[in-house]
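Below you'll find the structure, written out as structure tokens, and then a few comments.
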Amino acid sequence: MPELPEVEAVVRQIRPKLIGRTIQSARFAIPRQLRPQSPRVVARAVRGQTIHEVRRRGKIILIEMDKGTLLVHLRMTGRLYVRKDEKPNDPHERAWLSLDDGGDLLAFRDPRTLGVIRYYPAGTPIAAVNDAGWEPLEVVPAVNDVRALLKRRSIAIKPLLLNQSIWAGIGNIYASEILWRARVSPRKSAKRLSCAEIERLIEAVPSVLRRALEMGGSTVRDFADGEGRAGRYQREFAVYGRDDEPCSRCGRPILRIVQAQRSTYFCRHCQK
DNA sequence: CAGTCGCCCTGCGTGC
DNA sequence: TGCACGCAGGGCGACT
């Protein structure tokens with residue numbers, strides 16, 4: 001579900017509610033989500049630790065404590081929010097961290113249970129973080145640096161944008177939106193992008209993501225931020241989910257194709 | 001090695 | 001109404 005803008009929205013919501021709080025206890029309902037670690041071991045490890053920082057790297061949420069870091073990846077349907085401990089349990093909640101004062105709880109809701117939770121003792125390398133590519137809202141890479149990464153990749157540019165080691169945080173919705181803005185065909189082999197196309201891509205990546213973040217992210221099905229609020233960027237989608245509708249640039253119908261088992265939306269006329 | 005595919009899950013909308 | 005099917009914002013491991 002959530003891509004960079006949605007994850008950032010969640011982090012901004014929960015961060016002030018978590019910093020300085022101490023974890024009293026933790027519960028994990030789906031052991032598979034912690035594999036290869038075990039719920040019991042992780043619960044014991046985090047108990048009594050104080051949260052110092054809550055950060056995002058790409059789509060990854062990092063809850064940093066005295067002696068280690070809890071990593072949360074929301075994957076398709078995960079949500080994180082702070083709520084009062086007394087509310088009746090949502091049947092889709094899968095993990096809970098109870099906080100010291102005020103009877104608050106950090107809840108992890110994830111109907112499909114594809115989300116991931118992992119604990120890293122301080123000093124342990126976090127591979128997914130170390131392997132993550134440019135942070136789109138912080139780094140504007142040089143054309144030559146992007147070209148170097150693309151030059152021997154024959155894979156189509158759209159599935160490559162989903163690879164988190166180029167830019168971190170781009171997912172299936174924004175990949176289509178970014179390529180429409182950059183006027184690059186999603187089917188074009190990465191190594192065949194011209195310098196001009198790479199320049200447009202470098203412009204489009206942060207532009208699309210920043211605008212989506214300003215709008216509170218996108219809500220296609222049921223995304224909600226840490227306050228339970230829906231995003232509004234879906235109203236501005238140029239192509240995602242708009243197959244057969246006219247392209248706002250040229251009026252030709254938007255196409256839907258499948259690449260690497262995922263839907264791609266684009267305009268064949270203005271994306272070459 | 002690079003690229004593709006199946007799969008992990010649940011829930012919802014569509015069409016018969 | 002009920003059921004089967006396709007599809008979903010992600011990413012990994014097993015293949016070719």
Side-chain angles (χ1 to χ4, degrees), chain A residues 1-11 28-36 56-61 71-80 90-95 108-118 126-129 131-133 136 149-179 186-192 208-209 212-213 215-225 229-244 256-265:
Chain A
M1 155 171 57
E3 307 181 32
L4 186 152
E6 294 76 31
V7 177
E8 179 64 24
V10 167
V11 167
F28 305 99
I30 313 282
R32 176 171 39 76
Q33 301 195 288
L34 293 96
R35 245 173 10 198
R56 175 191 60 75
R57 181 76 172 91
K59 303 172 195 169
I60 296 166
I61 297 169
L71 175 153
V72 179
H73 197 306
L74 303 174
R75 292 282 185 95
M76 296 283 264
T77 53
R79 281 195 211 171
L80 264 188
D90 178 325
H92 291 126
E93 286 185 358
R94 312 297 189 192
F108 175 58
R109 181 184 190 273
D110 186 14
R112 284 173 75 178
T113 71
L114 296 172
V116 167
I117 299 171
R118 209 130 297 164
I126 305 177
V129 168
D131 296 343
L149 283 182
L150 304 189
K151 75 177 173 198
R152 44 189 57 166
R153 309 300 298 272
S154 57
I155 188 175
I157 186 64
K158 192 272 189 166
L160 186 61
L161 284 181
L162 299 182
N163 183 328
Q164 301 299 295
S165 65
I166 314 283
W167 276 282
I170 299 173
N172 202 45
I173 289 180
Y174 298 114
S176 283
E177 295 295 317
I178 286 164
L179 289 169
R187 294 193 275 210
K188 188 166 221 170
S189 171
K191 63 185 177 193
R192 300 207 194 286
V208 168
L209 296 175
L213 178 59
M215 299 304 284
S218 305
T219 296
V220 171
R221 300 193 133 58
D222 60 352
F223 164 75
D225 65 18
R229 280 198 295 253
R232 300 174 306 283
Y233 188 70
Q234 67 281 3
R235 300 174 196 163
E236 299 185 17
F237 285 167
V239 287
Y240 186 83
R242 295 191 172 277
D243 41 326
D244 300 331
R256 172 185 177 271
I257 61 171
V258 175
Q259 296 179 287
Q261 281 102 280
R262 320 249 356 232
S263 291
T264 299
Y265 299 88

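The sequence lines fix the lettering, A, B, ..., with proteins before strands; numbering per chain opens at 1.
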- Under 4.0 angstrom between A:His73 side-chain N/O and C:dG11 OP1 or OP2: yes
- Message: Is there a side-chain contact between A:Tyr240 and the phosphate of C:dG9, meaning an N or O under 4.0 Å from OP1 or OP2?
- Response: yes
- Query: Between atom CD1 in A:Ile173 and atom P in C:dG10, what is the gap in whole Å?
  - Reply: 7 Å
- Task: Indicate whether OP1 or OP2 belonging to C:dG10 is found under 4.0 Å from a side-chain N or O atom of A:Gln164.
- Result: no
- Query: Which residue, A:Ala128 or A:Arg112, contacts DNA chain C at a nucleotide closer to its 5' end, judged by nearest heavy atom?
  - Reply: A:Arg112
- Counter-base of B:dC9, judged by Watson-Crick or G-U geometry with both distances under 3.5 Å: none
- Can you check the A:Phe108 CZ to B:dT10 P distance for me, whole Å? 14 Å
- Message: Taking the P atom in each of C:dC7 and B:dC5, what is the distance between them to the nearest angstrom?
- Response: 15 Å
- Message: Side chains of A:Arg262 and A:Lys158, heavy atoms from C-beta outward: is any pair under 4.5 Å?
- Response: yes
- Query: In this structure, are over 12 heavy atoms from other groups packed under 6.0 Å from A:Arg192 atom CZ?
  - Reply: no
- Distance in angstrom units between A:Arg94 CZ and B:dT10 P, rounded: 7 Å
- Anything under 30° is parallel, anything over 60° is perpendicular, the rest tilted; go ahead and classify A:Tyr240 against A:Tyr265. perpendicular
- Item | First encountered from the 5' end of DNA chain C, between A:Lys59 and A:Val258 | A:Val258
- Message: Measure CZ/A:Arg109 against C1'/B:dC9 and give the value in whole Å, please.
- Response: 14 Å
- Query: A:Arg153 side chain: which of C:dG11, C:dC7, B:dA2 is closest?
  - Reply: B:dA2
- Query: Rounded to the nearest Å, what distance is computed from the CD1 atom of residue A:Ile61 to the P atom of nucleotide C:dG10?
  - Reply: 14 Å
- Check whether any side-chain nitrogen or oxygen of A:His92 sits under 4.0 Å from OP1 or OP2 of B:dC9, and answer yes or no. no
- Message: If you compare every side-chain N and O of A:Arg75 against the phosphate oxygens of C:dC12 (OP1, OP2), does one of them come in below 4.0 Å?
- Response: no
- Item | A:Arg32 vs B:dC8: side-chain N/O to OP1/OP2 distance below 4.0 Å | no
- Query: Taking only side-chain nitrogens and oxygens of A:Thr219, does any of them come within less than 4.0 Å of OP1 or OP2 of C:dG9?
  - Reply: no
- Message: When you measure only distances, ignoring hydrogens and angles, does the side chain of A:Gln261 come within 3.5 Å of the base of B:dG6 through a donor and an acceptor?
- Response: yes
- Query: Checking all strands, does A:Ile155 fall into the base, sugar-phosphate, or nothing category for heavy-atom contacts under 4.0 angstrom?
  - Reply: sugar-phosphate
- Message: OP1 or OP2 of B:dG3 versus the side-chain N and O atoms of A:Ser154: is any pair under 4.0 Å?
- Response: yes
- Between C:dG6 and B:dG6, how far is it from one P atom to the other, in whole Å? 13 Å
- Distance, rounded to the nearest Å, where A:Ile60 contributes CD1 and C:dC12 contributes P: 9 Å
- Nearest-Å distance for atom pair CH2/C1', residues A:Trp167 and C:dG10: 20 Å
- Item | Side-chain (A:Gln164) to main-chain (A:Leu162) donor-acceptor, under 3.5 angstrom | yes
- pair A:Pro136-A:Leu4: side-chain heavy atoms closer than 4.5 Å: yes
- Query: Separation of A:Gln33 atom CD from C:dG10 atom C1', in whole Å?
  - Reply: 13 Å
- Task: Hey, could you give me the CG/CZ distance between A:Leu80 and A:Arg109, rounded to the nearest 0.5 Å?
- Result: 12.0 Å
